[in-house]
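Down below is the structure, laid out as structure tokens.
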Amino acid sequence: MAYRVFISSPWKDVDLARDLAHRLESAGIKVNSVDKAAVSGEPLPSKITRELSHADEVFVILTHESVNSSNLMFEIGAASSLRKRITPVVVGLKPSKVPSLIRNLKYIKYPDLERYIADLEKRAKAA
């Protein structure tokens, strides 16, 4: 079974989410996101919760736009309660602006994505 990830991001960061999805899919990872969840016609909160439950890992994109998003924090909480691996991707934030909850999760910076995805690809193939 393919390794599955869910990408959580606000609408304003949809281009970053699509770039991340493209990179992950190129590495053979199956990707779902809020962007894809919204088009199904199913109520968004239940669709997101279902997609989170099927994911092996949840990527959370944090930018100036999303750092205070209650929806993003809800998705982090839901993923945590489902005991999912949570991987915050920090874009353009100084370390002092990263919320303490995220600092405790070992976040990655956007420029380091290539290395992280290469490691993820190895983990997925080994699983």
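Values reported hereafter were calculated over all heavy atoms of this structure, with side chains retained and with hydrogens, waters and symmetry mates removed.
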Residues forming a salt bridge (Lys or Arg N to Asp or Glu O under 4.0 Å) with [X], sequence neighbours excluded:
{"X": "Arg103", "value": "none"}
{"X": "Lys12", "value": "Glu65"}
{"X": "Asp112", "value": "Arg115"}

Leu20 vs Ile117 side-chain heavy atoms within contact, under 4.5 Å =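 With C-beta onward as the side chain, the pair touches.
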* Asked: Can you name the residues that form a side chain to side chain donor-acceptor pair (under 3.5 Å) with Asp19, not counting sequence neighbours?
  ->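 Asp19 satisfies side chain to side chain donor-acceptor pair (under 3.5 Å) with Arg23, Tyr110 only.
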Nearest 0.5 Å, what's the [atom1]-[atom2] distance between [X] and [Y]?
{"X": "Leu120", "Y": "Ile29", "atom1": "CG", "atom2": "CD1", "answer": "4.0 Å"}
{"X": "Ser70", "Y": "Glu75", "atom1": "OG", "atom2": "CD", "answer": "10.0 Å"}
{"X": "Phe6", "Y": "Leu82", "atom1": "CZ", "atom2": "CG", "answer": "11.5 Å"}
{"X": "Glu25", "Y": "His22", "atom1": "CD", "atom2": "NE2", "answer": "8.5 Å"}
{"X": "Ser8", "Y": "Ile48", "atom1": "OG", "atom2": "CD1", "answer": "7.0 Å"}
{"X": "Arg18", "Y": "Asp13", "atom1": "CZ", "atom2": "CG", "answer": "12.0 Å"}

Look at the side chain of [X] and the backbone N and O of [Y], then say whether any donor-acceptor pair between them is shorter than 3.5 Å.
{"X": "Thr49", "Y": "Ala78", "answer": "no"}
{"X": "Ser80", "Y": "Ile76", "answer": "no"}
{"X": "Asp56", "Y": "Arg4", "answer": "yes"}

Show every donor-acceptor pair shorter than 3.5 Å between a side-chain atom in residues 85-102 and any protein atom, with sequence neighbours excluded, or say none if there are none.
unit_1 : atom_1 : unit_2 : atom_2 : d
Thr87  : OG1    : Glu57  : OE2    : 2.4
Thr87  : OG1    : Tyr116 : OH     : 3.2

Taking all non-hydrogen atoms of both residues, which atom of Ala79 and which atom of Val58 are closest, and how far apart?
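Shortest heavy-atom separation between Ala79 and Val58 comes out as CB-CG2, 3.8 Å.
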| query | Taking it one step at a time, do Ile7 and Leu24 satisfy side-chain contact (heavy atoms from CB on, under 4.5 Å)? | reply | CA-CA 10 Å; Ile7 299 173; Leu24 289 165; 4.1 Å; yes
